[in-house]
Amino acid sequence: MGFALVGVAGTLAHYSILYSLVEFYRFNPVVASGWGALAGLIVNYVLNYKLTFNSQQSHSQTFPKFVLIASLGFALNLAMMAVLTQHLYYFYAQIVTTGVVLIWNFFANSLWTFQMDISGNTVDDKPKSMLKKLLSGVGLFATLLLVRAISLGLYPLYDPSESRYAEMGRKMLETGNWVTPLIDYGVPFWGKPPMTVWLTASSLWMGGINDFSARLPSFLLSVGVIWIIYHLAKVQRGVEYARIAVIILASTVSFFVMSGTVAMDVCMSFGIALAIASFWLALREDSKAYWGYLFFLGLSIGLLAKGPIAIVLSGISLGLWTVITVEWKRVWQRVPWIKGTLLMLVISVPWFLIAEHKTPGFLEYFLVGEHWKRFTESGWQGDLYGNGHAQPPGKIWQYWLGAAFPWSLLFLKILITAILQKKPLELVKSSDGWRLYCLLWMTAPLLFFTFSANIIWTYPLPGLPGFALLLAEWFPLRSKYRTALALCVPLGFFGLVAAYHYPNADFFRSQKPLVEAYEHAALADERLVYLNERPYSAQFYKQGQAVLVTGITELQASLADTHHDFYVIKDELMVTIPEELKQRLNPVKRYLLFTLYQAQTK
């Protein structure tokens, strides 16, 4: 607690000076960060000496050590800011940098500068003890969040889905049309409600057009889900149970990846988590009537994130639980059904009516097409924004195995063991119905999408909080096993991010490397032109200025211009281009299936 308070004081000093120097005196952000860091270091030394580590050493012993550690931290701060401000808004860059420097300062100062004593251990034992603290409990959870936060801006937006929603947010910000998201200029997007696009556009407005800003809302929503689950679990079973549950949840493949992905599913999952957690707490906490209204607020968020599917998924788990446990009377008495329903309608319905008024035909496509035909017609051809993802029945359960990995393997082990011992029902028995509640929360998306004709791998996401709560109830893992499993996904993911930055790596589906190559080589009046296919990431990184030409005739007309424009052409299309046009195209950079060319005049 002491270190946290000292950190807050030092950070406030740092950020106040940073902001003042940049905004009022027009300092370079890296230089301003250096002055802010210096002020923060002075505050940290004075308070850490007296409060955090309660050092018994004299200033003559501690100060030289502190200066060395602080100098290294100061250099790390400047280096990271110099790199990150090239890609991120300076305030976001400072947030990421602060997280890294904070960890460095704490462990270096506690292990060496102030010689912090931990439970009477000898000096030789301290590094091991501190490492253990880092990789267990709160330290492990903080490590998971930090790894994900740092990675948000370190790799490009993925085509086609992630970059599509980010570009919709950018277009909303550019055009000022906050009612109907646009899939292209003048073309409304009817596939989903706008909550995620609103959040993305707001983040881009505050932090600039970049990967970090586009992904930040998903990260914050995921942190919100974690807080909801932690509070629910703490009320239900205590602090240790809550810690285990959120570590399991945060380290599953789907939750970890999606917590930094621009997608509608994250916002809907937040709404569903708020609704289902509030429903349980409304039944259990008599003196807190607001939980009943938060239940309907969660449903409203789900409606504005992805539509009625949020109510369906919530209703499956809550309805089945009420029927099986025969809790009809309590459910009716504790949940404000009439007032809550009116609240939900007041929050969510106006946008649907306004959107239909602005773009007639929206409600028919959205309600009939997206919420009926998508799930009943295999390979649905009416999708205006892509192709139906036709899958055989039951495919969702395979997706769940991957989504909940590595914890799904432990889940299956426990389940199979219980079946072999002829005690499977023991896994869901509890006096208060809690285990059944978690099981139904987990399986609601799986049950609903089992016979769906079109599904994708993100669909199990809303059920993962229930899975984490149930697994934590079944098997309170020993610390070392929990750490090993929890770090599998973050370390693997960070390895992929690092591999992306390896020279000539070209496995990530995005146009960012080609756009960067174009911006490095092009003059101000030279355009970036795409033949036949223009991925959404190209529009995002070029801020809507990437030109699309269709067919050889348009390409020939574009090349007739005297400018040395740049062209991005899919490799498979080169065989269709006449030889005389090919000779006008000089290759600049190849990435995945596309190559960037510079046009030469005749």
Side-chain angles (χ1 to χ4, degrees), residues 165 168-169 172-173 176-181 188-203 205 217-218 220-225 227-229 231-232 262-283 285 288-319 331-332 334-360 362-368 370-371 441 444-445 461-462 465:
Y165 297 127
M168 285 163 56
M172 179 173 283
L173 183 62
N177 178 2
W178 291 78
V179 175
T180 306
F189 179 74
W190 287 350
K192 301 291 184 297
M195 178 67 81
T196 299
V197 183
W198 285 341
L199 295 174
T200 303
S202 300
S203 183
W205 173 70
S218 291
L220 296 178
L221 287 168
S222 298
V223 172
V225 172
W227 182 88
I228 291 168
I229 299 309
H231 179 79
L232 174 63
V262 189
M264 308 286 188
D265 304 80
V266 182
C267 192
M268 182 185 72
S269 295
F270 174 83
I272 291 176
L274 178 60
I276 296 181
S278 298
F279 185 89
W280 179 269
L281 293 171
L283 300 184
E285 298 193 345
K288 299 179 179 178
Y290 57 79
W291 287 117
Y293 293 100
L294 286 176
F295 165 64
F296 288 99
L297 177 62
L299 294 180
S300 302
I301 293 172
L303 275 171
L304 287 172
K306 227 176 175 185
I309 187 64
I311 295 179
V312 172
L313 295 180
S314 301
I316 290 174
S317 55
L318 302 181
V331 168
W332 176 253
R334 299 288 178 82
V335 179
W337 290 103
I338 297 176
K339 293 181 180 179
T341 301
L342 289 175
L343 174 66
M344 178 181 69
L345 294 177
V346 167
I347 293 174
S348 57
V349 168
W351 176 82
F352 287 90
L353 298 179
I354 295 172
E356 174 66 22
H357 175 72
K358 290 282 188 178
T359 57
F362 158 69
L363 286 178
E364 180 181 358
Y365 174 83
F366 180 69
L367 296 177
V368 178
E370 288 285 339
H371 283 80
W441 186 349
L461 180 64

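Throughout, residue positions are numbered sequentially from 1 according to the sequence presented.
Within the structure, no pair that satisfies the side chain to side chain donor-acceptor pair (under 3.5 Å) test touches residues 343-357, not counting sequence neighbours. Among residue pairs with one or both ends in residues 290-301, those qualifying as side chain to side chain donor-acceptor pair (under 3.5 Å) are E285-W291; sequence neighbours excluded.
Between M268 and A310, the shortest heavy-atom contact is CG-CB, 4.0 Å. When all heavy atoms of M168 and P181 are compared, the closest pair comes out as CE-CB, 3.6 Å. Across every non-hydrogen atom of A263 and S218, the tightest pair is N-OG, 4.2 Å. Minimum heavy-atom separation, V197 to M172: CG1-CE, 3.6 Å. The minimum heavy-atom distance between A444 and L313, with the atom names listed, is CB-O, 3.5 Å. Taking each heavy atom of P465 and W441 in turn, the nearest pair found is CB-CZ2, 3.6 Å.
Remark: side-chain polar atoms of S278 are not paired, donor with acceptor, to backbone N or O of A275 under 3.5 angstrom.
By the 4.5 Å heavy-atom criterion applied to side chains, F366 and P308 are counted as neighbours. At least one side-chain heavy atom of L199 sits under 4.5 Å from a side-chain heavy atom of L221. Between P193 and W198, every side-chain heavy-atom pair lies at or beyond the 4.5 Å cut-off. The shortest side-chain heavy-atom distance between F352 and L304 falls under the 4.5 Å cut-off. The closest side-chain heavy-atom distance from L294 to L297 is below 4.5 Å. Counting heavy atoms from C-beta outward, C267 and K306 have side chains that stay 4.5 Å or more apart.
Residues meeting the side chain to side chain donor-acceptor pair (under 3.5 Å) test with W280, sequence neighbours left out: Q236. Listed by chain and number, the residues in a side chain to side chain donor-acceptor pair (under 3.5 Å) with T359 are W190 (sequence neighbours excluded). I311 is linked by a side-chain contact (heavy atoms from CB on, under 4.5 Å) to L299, L303, M344, counting only residues two or more places apart in sequence or in another chain. Applying the side-chain contact (heavy atoms from CB on, under 4.5 Å) rule to I354 yields the partners V179, K358; only residues at least two apart in sequence or on another chain are considered. Residues satisfying the ring pair (Phe, Tyr, Trp, His ring centres under 6.0 Å) test with F296, not counting sequence neighbours, are W337. For S222, the side-chain contact (heavy atoms from CB on, under 4.5 Å) partners two or more places apart in sequence, or in a different chain, are F255, S259, V266. In terms of the ring pair (Phe, Tyr, Trp, His ring centres under 6.0 Å) criterion, residue partners of F279 (sequence neighbours excluded) are, by chain and number, F295. Looking at residues two or more places apart in sequence or on another chain, you find a side-chain contact (heavy atoms from CB on, under 4.5 Å) between W205 and L173.
To the nearest 0.5 Å, atom CG of residue D265 and atom OG1 of residue T196 are 8.0 Å apart.
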